[in-house]
Amino acid sequence: MNTKILPWAIMTAALMTGGCGGGDSLLGTDKDIDPLRPEAGSIDPTDRPRPPESEPTMTTTEHFVLDVTGERALLRGATLDYQSAPGEMLEAVDPMAAGGANAVRLMVNPQTTATQLEAALGRIAENNMVAVITLTDDGSQVKCVETPDFLLNAVDDLWLGEWLEVIVQDRFQGRIIINIADGWGPVGIFNSGSLGYAEYVDTYKALIRKFRNAGFKVPLMIDAPSCGQDYKAFLAGRGRELMAADDEANLIFAANGEGFHWDSADKVISANNLLAGEDVPFVMNAFAGSGVGDFPVDESVFMAQARGDSAISVNTPWSSAEDGVGYVNAFGETLDVTGGAASLDVFMDRRYLEFMRVSPGSSNYAPNGTTGIAMYLVDADGNRLRLGMSLARELRENTWNKLRFDVPEEIDSADLMGGATEFDQEAVTHVGVEILANGKSDEAEGEIKFDNMNIFPGVPPMFTSEFNTDGNTEQWMVDGADSWVADGSLQALPTAGQVNYQMAAWNGDAIGTIDFSKTLNVTVRMFLPEEYAGDLPSMWMNAFGQFGEGWSWNSISVSPSQLVPGEWTELKYTINFNETVEPASDIHIAQAFGLQVGGISTPKTAPILIDSFVVEDPSARPTKIVTDTQYKATFSNGLEGFQNAGWDDGQVELSNVEGEMVASVPAGDTGAVNKSDVNSVQAINFGGNLTVKARVFLPEAFAGTDFWMQFFFQSGSWQHFAFGSVDMEAINYGEWSDIEFEITDEDYPADFARTLSPQMFGFQYGDTVAGEFKVDDVEIIGDSVVDDLQPIYEQGFESAGAVDELEVDFTSGALDAGSMLTAKTLGWHVVPFGWTASTWFSSNELSLSEQADEAVLTERGERVVNGANGILETSEPVMFE
């Protein structure tokens, strides 16, 4: 499943106001306005050792690390905390290799000697593994540190000083990757539009040149900042900017899979797509797991995604706004899709979203793209039925979107394609994907990718009576007729002018299987004999239900004109007793339910036959609701993107004090605080209910004043939604107070763009007194509806053969079948990536082995080394000559 996101474009000054975090040293400097490319310093002295120029090294492509033979080398291994105890940890190399690892992330610190480093590299080389040499420390000078002073000196004093005679040796050139610094850089930004990464980028440019001037051609690894977690530092062209600064174009970009931004499969896939869009190689140089931290990650997710996943990529040669193409896949057999659904994962180049100003002169942009993606079905007679379409402006940018379309119970002729007049849902042979220009602009172009094209079966009816056993009425009673069950039907010979078919609670529990609190569809397959034709003009029917202790009567007229004397007919009607029963609670006490047929003249010689009663919930879908944290700010790393929104000339000043957001305000101030880059948090899903929680601290001086707070969202199209007014009477002034707001379907504004990521999230305040108030632990918890049924057809596009099987069905506008055949290729949904898990041996719960020098694996170690998608299963040998 493919992923090639085209380069991010910083489109407006709106993005330039994104929260930067990371301390004052990163903001308001000349580098924020005009980034520099500092010189690396003086050329290395000629007597300094240099690597052999002719010795081959590992290299990189736009996505991958390559060994010296030019073959892809996916790293699989673990982090070795060598610096903590070199003698003990040296003995870990052999068992790591025995477990299948092809790489070791070798952690060294300023105290590591050249002798110790050479011993480790020699042992790793003997075991035919790659050494990712990584400079780390206790967090005081390198890891999680923002200032560059120590790092600049460390490159001169350690990499190109103390350790130089070791790492220049010819025997190591094809076996090493130099990871310049473990998790160095600004903390807490996580905003691709921020200017706060400027010093980080400039520092690494200078360091890259130092290594290249010293003669090194080996891959240089650049760790993400914020303790290695903030992969967004590589976006918005910064990764390509660093690559352009490298004469060898041989960089690897690395991230640590820990924390909130990595704690679900969707977030890992989203990060993978964004990094792949930069066209630079990347690896996970470490990942956590085992329930560690505030946002525990799942190591099985990283290992599964690291294998990669392919997808169909279509790069349409657009010529006109009327262009379109339909691609189809044939089923292996004819399928009955009645009541079913189709789903598809879609990824569009950002240009298709066609961002436009919300209003003239506004600095806010919203998607306005009209390019359409539709799904359709083809039946055995070649008729086509379009199930539904999504427009580019309804999709989230830079991420995969899951589309789902239900197969309609009643077909609208407008959805029939190509002149078809009917469609057989019980005999479907193909599923198709339609891509339509739909009036798009000329600038809207690029890749459209899709994957996981699935067909789901219909949901079984809520209730069915089929009368397949002679004599078994299945708890149905008939009044006004002699009745019996024979030959697969309930047979009723009228003895009066009205026949009542009913089920009653006192006659059995079958009626209890019907949930009358929903609007339901009923289908009765009935045979009306020819001798009833004269009664048909005056015949009438009622569907009825009786509810509650008082047996209240509710009825709905049913048209008998659906019946054709002498033929079997499906009599269809809808019952909505849920809207008519009074009191409403009585709907849960069903006493009787049935169908009345009146206006019959007697005597009759032939019985009315009923083959089946079927009751269905048209809204039923085989889904389940998953409720989970979609976003959380703990302020453990700066302000995490929150800033003064600037509304109403608000004067609030924000700071982080001991892991809490502190808001300093003057008297009488009114304004807003928002997380300006919340639209990058793809997990926030407005499709279901949300719960928003926070902790606030209001000092005693605020008690009895007119101070107020309320929370808000602004949608992807900038509609404002204020949903949470803080109840000031419930606040414990001078103490922390927990607040919570529930958002349901009924609460969203009618025009709120619920399919898009929000543009803003935060709180407004007003009528302040001079002082400080605090906010912490802001959390958004949401419901996501996911499929809970196995598909009856799946197409995952896992091979080139699957691309060939996707045929061009039709084209429109200026497109032709030949060009659209060549427009489709196999690409990536998830680009495969290398990883070195944390940690081979340590005193914490991340340890893979019980002891350094033997592979006595912990429970986590069994999963990472021997488990599904683990080292043993997925590691491949790396060639060194």
Side-chain angles (χ1 to χ4, degrees), residues 1 3 74-79 99-101 105 183 190 224 226-231 254-275 282-309 345 399-400 402 452 624-632 634 636 681-685 779-788 829-840 842 844-849 857-875:
M1 298 168 13
T3 289
L74 290 177
L75 305 184
R76 293 291 187 269
T79 298
R105 185 170 175 241
F190 291 97
S226 202
C227 309
Q229 298 177 27
D230 188 1
Y231 67 92
N256 285 2
E258 299 175 277
F260 168 77
H261 294 271
W262 296 98
D263 65 355
S264 73
D266 285 344
K267 293 177 183 178
V268 174
I269 294 171
S270 178
N272 180 286
N273 277 268
L274 291 167
L275 290 167
F282 59 94
V283 302
M284 298 301 300
N285 61 10
F287 56 77
S290 305
V292 178
D294 292 334
F295 299 97
V297 300
D298 185 347
E299 62 263 0
S300 65
V301 167
F302 290 99
M303 295 189 297
Q305 298 303 329
R307 302 194 76 155
D309 198 358
D345 292 349
T399 192
W400 283 88
K402 181 172 286 295
N452 295 330
K624 61 183 177 181
I625 296 177
V626 177
T627 303
D628 199 2
T629 296
Q630 297 183 354
Y631 171 73
K632 188 172 184 179
T634 61
S636 57
V681 183
Q682 297 292 343
I684 297 179
N685 175 22
E779 184 174 13
I780 301 173
I781 302 169
D783 294 341
S784 298
V785 179
V786 298
D787 289 318
D788 194 25
H829 187 134
V830 177
V831 177
F833 55 88
W835 52 263
T836 49
S838 303
T839 301
W840 177 255
S842 68
N844 62 38
E845 57 267 65
L846 293 178
S847 185
L848 302 181
S849 180
L857 299 177
T858 63
E859 182 178 346
R860 168 176 161 82
E862 284 291 344
R863 293 193 297 271
V864 173
V865 177
N866 296 324
N869 304 307
I871 293 174
L872 191 61
E873 182 178 311
T874 64
S875 179

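Fair warning: this is a prediction, and the values are worked out from it, not measured in the lab.
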Should Ser838 and Glu299 be marked as a side-chain contact (heavy atoms from CB on, under 4.5 Å) after you check the CA-CA gap, both sets of side-chain angles, and the distance that decides it?
CA-CA 10 Å; Ser838 303; Glu299 62 263 0; over 6 Å; no
Mind running side-chain contact (heavy atoms from CB on, under 4.5 Å) on Val283 and Phe833 for me, showing each step along the way?
CA-CA 5 Å; Val283 302; Phe833 55 88; 5.5 Å; no
Run Val301 and Trp262 through side-chain contact (heavy atoms from CB on, under 4.5 Å) and show every step you take.
CA-CA 10 Å; Val301 167; Trp262 296 98; over 6 Å; no
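Taking each heavy atom of Gly100 and Ser875 in turn, the nearest pair found is O-OG, 2.7 Å. Annotation for Asp230 and Ser226: closest pair CB-CB, 3.7 Å, computed over non-hydrogen atoms. Between Ala254 and Asn285 the shortest heavy-atom distance is CB-ND2, 3.3 Å. Closest approach of Ala101 and Gly77 over heavy atoms only: CB-CA, 3.9 Å. Shortest non-hydrogen contact noted between Arg860 and Leu846 is NE-O, 3.1 Å. Closest approach of Met303 to Ala868, counting heavy atoms only: CE-O, 4.0 Å.
Between the Asn685 side chain and the Gly782 main chain, no donor and acceptor come within less than 3.5 Å of each other. Within the 3.5 Å criterion, the main-chain N or O of Ser300 finds a donor-acceptor partner in the side chain of Asp298. Between the side chain of Ser849 and the main chain of Leu857, no donor-acceptor pair closer than 3.5 Å is present.
Not counting sequence neighbours, the partners of Thr874 by the side chain to side chain donor-acceptor pair (under 3.5 Å) test are Arg76. Scored by the side chain to side chain donor-acceptor pair (under 3.5 Å) test, Asn866 finds Glu862 as partners (sequence neighbours excluded). Residues satisfying the side chain to side chain donor-acceptor pair (under 3.5 Å) criterion with Asp263, sequence neighbours excluded, are Lys267. With sequence neighbours excluded, the residues forming a side chain to side chain donor-acceptor pair (under 3.5 Å) with Arg105 are Thr79, Asp182, listed by chain and number. Listed by chain and residue number, Phe260 satisfy the ring-ring contact (aromatic ring centres under 6.0 Å, His included) test with Tyr631 (two or more places apart in sequence, or in another chain). Taking the ring-ring contact (aromatic ring centres under 6.0 Å, His included) definition, one finds that Phe302 meets it with Phe287, sequence neighbours left out.
The line from CD1 of Ile781 to CD of Gln630 is 9.5 Å long, rounded to the nearest 0.5 Å. Rounded to the nearest 0.5 Å, atoms CD (Gln229) and NE2 (His261) are 7.5 Å apart. Taking CG from Leu848 and CH2 from Trp840, the interatomic distance works out to 6.5 Å, rounded to the nearest 0.5 Å. Note that the CE atom of Met284 and the CG atom of Leu275 stand 9.0 Å from one another [nearest 0.5 Å]. Atoms CD and OG1, on Glu779 and Thr634 in that order, are 10.5 Å from each other to the nearest 0.5 Å. How far OG1 of Thr399 is from CG of Asp345: 10.0 Å, rounded to the nearest 0.5 Å.
A 4.5 Å side-chain heavy-atom check between Trp400 and Asp266 finds every atom pair outside the cut-off. Under the 4.5 Å side-chain criterion, counting only non-hydrogen atoms from C-beta, Trp835 is in contact with Val864.
Side chains of Asn844 and Ser842: a donor-acceptor N/O pair is present below 3.5 angstrom, by distance only. A side-chain N or O of Asp783 and one of Thr627 form a donor-acceptor pair less than 3.5 Å apart.
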